Amino acid sequence: MLWRLLRKLLFLFDPERVHGLAVVALRLAGRPAVARALRRPPAPSLAVRCLGLDFESPIGLAAGFDKGEGIAPGLYALGFDHVEVGTVTPRPQAGNPRPRLFRLPEHRALINRMGFNNEGAIACAASLAAVPAAARPRVLGVNVGKNKDTPNERAAEDYLACIDRLAAHADYLVVNLSSPNTPGLRALQEREPLERLLVACVERARPLGKPLLVKLAPDLAPEALDEAVDVAVAAGAAAVVATNTTVERPGAVANHPRAGEAGGLSGAPLAPLALFALRRAYARAAGRIPIVGVGGVMDAADAYARIRAGASLVQVYTGFIYGGPGFARRLRVELARLLERDGFHSAADAVGADHRDSRPRAVAVPGGTRA
Ligand SMILES: Cc1cc2nc3c(=O)[nH]c(=O)nc-3n(C[C@H](O)[C@H](O)[C@H](O)COP(=O)(O)O)c2cc1C
């Protein structure tokens, strides 16, 4: 109730200004004494072992919120049991001109064309190094990308430079090839460049003991997604993150006054596409690597559905913007209840449960049904 009122007020202001306010509040929330007071450990049934790491719950914050500005402790205190920082590029870059972030409240959605605004890998490494060990999230990922002016043929150099700079501060690394806001980036998801890039990145990250994940777009054709999963497995990637934002404007979103804004759509309207990609990636991976489910998770039922569809971990971004500071904790509490209701002893037991159900399933996606 209180949050609904506050949200009404906050939504009167420009989204990036509100983000700035949130960063200030999260710095405060991350101070050791405050963080200790805020932090509630999740139900033991939510503990997950994945990527060779122990996660307190499957719920984490997706990339893009914390660009490495020292707010991970505050986010952890709010109940995000892993925080993915980034996307970080080797050199600092300003991103696209403002306005570049838009709310579509009628659809519980956002459109963004931020364009990897970040302070660069050196500054991010310094900021992560300054986080006191006691306040650090149990699991902290770093998501890396290439600078806008680096041509695709030299993209690997950017990813490797980021890995070199940031691996020491990360529990896992994510190669982001799926932002729609860096021209040409998504072409790196095609078989040959993907293979070259992932092999090089895995080779660099492995001796450092860091699992390397790859984040994919929801707009890949089903066959291209299958191929990308196969390449990821063959290259030695530790997991696939499905998915980033979509360039589609599904269903009624197409009629929204903001629908014509360039950028990636996130939130509720992305859910069917992201769920489809997750389900397909899980089936294709067939247990060879885990899948991280992201995209349109707006409540605990959504998070539970992702786990049943094959997600070992579930990340959120837009749900947090609409759900407020209590969002992650609510997800955890209600998710534990849903698992118990259905007789699962742990979140891990429920991963992929839908695929073990013999009844055939079809996933409705805008523009048709994909079986
Ligand atoms: C404002 C904004 C900025 C984002 N920036 C990044 C980014 O830098 N790197 C990335 O991999 N994903 C980024 N994302 C995508 C999210 O991590 C996530 O994949 C996507 O929003 C779908 O999840 P959601 O529906 O829960 O928001 C961004 C999303 C938003 C809304």
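None of these values were measured; they are calculated from a predicted model. Order of appearance sets the numbers: ligands from 1, and atoms from 1 within every ligand.
With hydrogens and angles disregarded, a donor-acceptor distance shorter than 3.5 Å links the side chain of Asn96 to the backbone of Arg113. For the pair Glu261 (side chain) and Phe102 (backbone), a donor-acceptor distance under 3.5 Å is absent. Listed for the Asp81 side chain is no donor-acceptor partner under 3.5 Å among the backbone atoms of Phe55.
The ligand atoms of ligand 1 that sit less than 4.0 angstrom from a heavy atom of Thr318 are 24 (P), 25 (O), 26 (O), 27 (O). The Val316 neighbourhood of ligand 1 comprises atoms 26 (O), with distances under 4.0 Å to a heavy atom of that residue.
Between His355 and Tyr282, the ring planes lie tilted relative to each other; the angle falls in the 30° to 60° range.
Looking at Val139, Leu212, Asp171, Leu213 one by one, the single match for side chain to side chain contact (heavy atoms under 4.5 Å, CB included) with Leu51 turns out to be Leu213. For the side-chain hydrogen bond (donor to acceptor under 3.5 Å, both in side chains) criterion with Ser266, the lone passing option out of Asn112, Thr245, Thr318 is Thr318.
The N/O atoms of Leu270, backbone and side chain alike, include none that comes under 3.5 Å of an N/O atom in ligand 1. For Phe116, no nitrogen or oxygen atom sits less than 3.5 Å from a nitrogen or oxygen atom of ligand 1, counting backbone and side chain alike. Residue Lys67 places at least one N or O, backbone or side chain, under 3.5 Å from an N or O of ligand 1. In terms of N/O distances under 3.5 Å, ligand 1 is not approached by Val297.
Within 6.0 Å of CD in Glu119 there are 12 or fewer heavy atoms belonging to other residues, nucleotides or ligands.
Ala63 O, 3.3 Å is the protein heavy atom nearest to atom 14 (N) of ligand 1. Of all protein heavy atoms, the one lying nearest to atom 25 (O) of ligand 1 is Gly296 N, 2.7 Å. Ranking the protein heavy atoms by distance from atom 9 (N) of ligand 1 puts Thr87 OG1, 2.6 Å first.
Atom 12 (N) of ligand 1 has its nearest heavy-atom neighbour, among Glu84, Lys215, Arg108, in Lys215. Distances from atom 21 (O) of ligand 1 to the heavy atoms of Pro269, Ala274, Ser266, Ala217 put Ser266 nearest.
For the residue pair Tyr317 and Glu84, no side-chain donor N or O sits within less than 3.5 Å of a side-chain acceptor on the partner.
Only the side chain of Asn143 comes within 4.0 Å of ligand 1, judged by heavy-atom distances. When non-hydrogen atoms are compared, ligand 1 lies under 4.0 Å from neither the backbone nor the side chain of Val241.
The closest approach between a heavy atom of Ser179 and any atom of ligand 1 is not below 4.0 Å.
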Scan the side chains in residues 17-25 for donor-acceptor partners under 3.5 Å anywhere in the protein, sequence neighbours excluded, and list what turns up.
{"residue": "His19", "atom": "NE2", "partner": "Phe65", "partner atom": "O", "Å": "3.3"}

